[in-house]
Amino acid sequence: GCTRRLAARAGVRPSLAEPALYQRVNVEGTVNILEAARKSGCKKVTIASSSSVYGDTLEVMDETHPLNSRHIYGASKIAGEALVRAFSGMFGLPCVTLRYMNVYGPHAGFGLVDSVLNRIASGQAPLINGDGSQSFDFVFVDDVAGATVRAMEAEVADEVFNVGSGEEKTVKDVTLALLELTGAGLVPEFRDVQVPMVRRVGSSEKAGRLLGWQATVPLAEGLRRVV
């Protein structure tokens, strides 16, 4: 059978306050899954990583891009990926690692889209850190689920795949789109604070080539489904 490791402690800013917790959940938790899979004779392990492993990137990154995260959350995901490679190399455990871009969807409980909608629901102006020009690759949860299933089913192992839409949008653009969709008569509040990342957009060409997968939900449609 197959094992999927999707649970994690997520978020860049929260990880600053609880680095030990992120290490226990994201690193030790990954070891526990890999060890259990090895002992049970699991045929394949699919691990959810994150585009946060790349850090801040000015160019569109593929899977060969250096892992340059400078924050606790990204570091914990890099450590998890290193353990996956170690178990694959030392024990022959077939593994596939998926680097999810900025995932959003209904009831996510995290991320930009969820944060903006929560503020709108409470009648508060959405908060934008910096000038809102920081941009990311937003991918809808249904597409992420499809990529995960394809990774489990495909005859591939010991591979890493980016999972994104390739559709780059700024924080300001997404916030304004949600305000328009909800009809909220609110104006975003810009905060003069340091932003941890300026740009992170990935290429999912490899997933298309080896998994036969590509994202199908444009951001405009995905935001409508969430609202």
Side-chain angles (χ1 to χ4, degrees), residues 4-18 21-22 25-26 29 48-54 56 69 71-74 76-77 98-148 162-191 193-202 204 215-227:
R4 300 166 300 284
R5 159 72 164 163
L6 303 178
R9 195 76 181 183
V12 174
R13 290 187 183 279
S15 72
L16 301 178
E18 299 182 289
L21 176 61
Y22 277 69
V25 175
N26 294 351
S49 185
S50 167
S51 59
S52 289
V53 298
Y54 295 118
D56 204 5
S69 176
H71 51 72
I72 301 299
Y73 171 60
S76 73
K77 301 304 281 187
L98 302 176
R99 292 173 180 161
Y100 298 154
M101 299 295 142
N102 279 54
V103 183
Y104 71 99
H107 315 297
F110 63 89
L112 173 65
V113 173
D114 195 74
S115 173
V116 171
L117 289 176
N118 283 340
R119 296 280 296 186
I120 292 173
S122 63
Q124 297 176 292
L127 301 176
I128 294 179
N129 293 330
D131 63 3
S133 64
Q134 53 271 35
S135 59
F136 301 97
D137 181 338
F138 292 89
V139 58
F140 193 60
V141 64
D142 288 8
D143 282 327
V144 172
T148 305
N162 286 339
V163 176
S165 67
E167 188 175 0
E168 180 178 6
K169 292 292 182 182
T170 68
V171 168
K172 181 179 178 180
D173 287 341
V174 172
T175 302
L176 293 177
L178 289 168
L179 285 169
E180 181 176 353
L181 284 169
T182 58
L186 298 169
V187 178
E189 178 184 329
F190 292 85
R191 299 193 298 180
V193 298
Q194 184 178 7
V195 295
M197 293 183 191
V198 175
R199 184 174 190 257
R200 193 170 64 221
V201 181
S204 298
T216 61
V217 181
L219 181 62
E221 172 60 24
L223 293 180
R224 280 193 292 271
R225 294 188 192 182
V226 175
V227 172

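All heavy atoms count here, side chains included; hydrogens, waters and symmetry mates do not.
What you find for Gly130 and Phe190 is that their closest heavy atoms are O-CD2, 3.4 Å. In this structure, Lys77 and Ala48 approach most closely via the heavy-atom pair NZ-O, 3.0 Å. Here the closest non-hydrogen pair linking Asn162 and Tyr54 is OD1-OH, 2.7 Å. Of all the heavy atoms in Ser204 and Gly164, the pair that sits closest is OG-N, 2.9 Å. Here the closest non-hydrogen pair linking Gly222 and Tyr104 is CA-OH, 3.3 Å. For Asp114 against Phe110, the heavy-atom pair with the smallest separation is CB-O, 3.2 Å.
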Please assess Leu179 against Leu176 for the test side-chain contact (heavy atoms from CB on, under 4.5 Å), listing each intermediate value before the final yes or no. CA-CA 5 Å; Leu179 285 169; Leu176 293 177; 4.3 Å; yes
Tell me, with the steps shown, if Asp143 and Thr216 meet side-chain hydrogen bond (donor to acceptor under 3.5 Å, both in side chains). CA-CA 7 Å; Asp143 282 327; Thr216 61; 3.0 Å; yes
Would you please test Leu186 and Arg119 for side-chain contact (heavy atoms from CB on, under 4.5 Å) and show each step? CA-CA 10 Å; Leu186 298 169; Arg119 296 280 296 186; over 6 Å; no
Evaluation steps, side-chain contact (heavy atoms from CB on, under 4.5 Å), between Met197 and His71: CA-CA 10 Å; Met197 293 183 191; His71 51 72; 2.7 Å; yes
Show, in sequence, the C-alpha distance, side-chain angles and deciding distance for Val226 and Leu181, and conclude whether the side-chain contact (heavy atoms from CB on, under 4.5 Å) test is met. CA-CA 10 Å; Val226 175; Leu181 284 169; over 6 Å; no
Go through Asn129 and Arg191 one step at a time and tell me if the side-chain hydrogen bond (donor to acceptor under 3.5 Å, both in side chains) criterion holds. CA-CA 5 Å; Asn129 293 330; Arg191 299 193 298 180; 2.9 Å; yes
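Although no hydrogens or angles enter the test, the distance criterion places no donor-acceptor pair under 3.5 Å between the side chain of Glu168 and the main chain of Val201. Using modelled atom types, one side-chain atom of Asp137 and one backbone atom of Ser165 make a donor-acceptor pair closer than 3.5 Å. Distance alone, capped at 3.5 Å, places no donor-acceptor pair between the Asn102 side chain and the Gly111 backbone.
For the pair Val163 and Thr148, the minimum side-chain heavy-atom distance is 4.5 Å or more. In this structure, the side chains of Phe140 and Pro106 come closer than 4.5 Å at one or more pairs of heavy atoms.
Separating the OG1 atom in Thr175 from the CD atom in Glu189 is a distance of 12.0 Å, to the nearest 0.5 Å. Remark: Arg224 CZ to Leu178 CG distance equals 12.0 Å, nearest 0.5 Å. Note: Ser50 OG to Arg200 CZ = 5.5 Å, rounded to the nearest 0.5 Å. Once rounded to the nearest 0.5 Å, the distance linking CG of Asn118 with CG of Leu127 reads 11.5 Å. Annotation: the span from His107 atom NE2 to Leu117 atom CG amounts to 11.0 Å, rounded to 0.5 Å. Going from atom CG of Leu223 over to atom NZ of Lys169 covers 9.5 Å, rounded to the nearest 0.5 Å.
Using cut-offs of 30° and 60° for the angle between ring planes, the Phe136 and Phe138 rings count as perpendicular.
The 12-atom threshold is exceeded at CD of Glu221, counting heavy atoms of other residues, nucleotides or ligands nearer than 6.0 Å.
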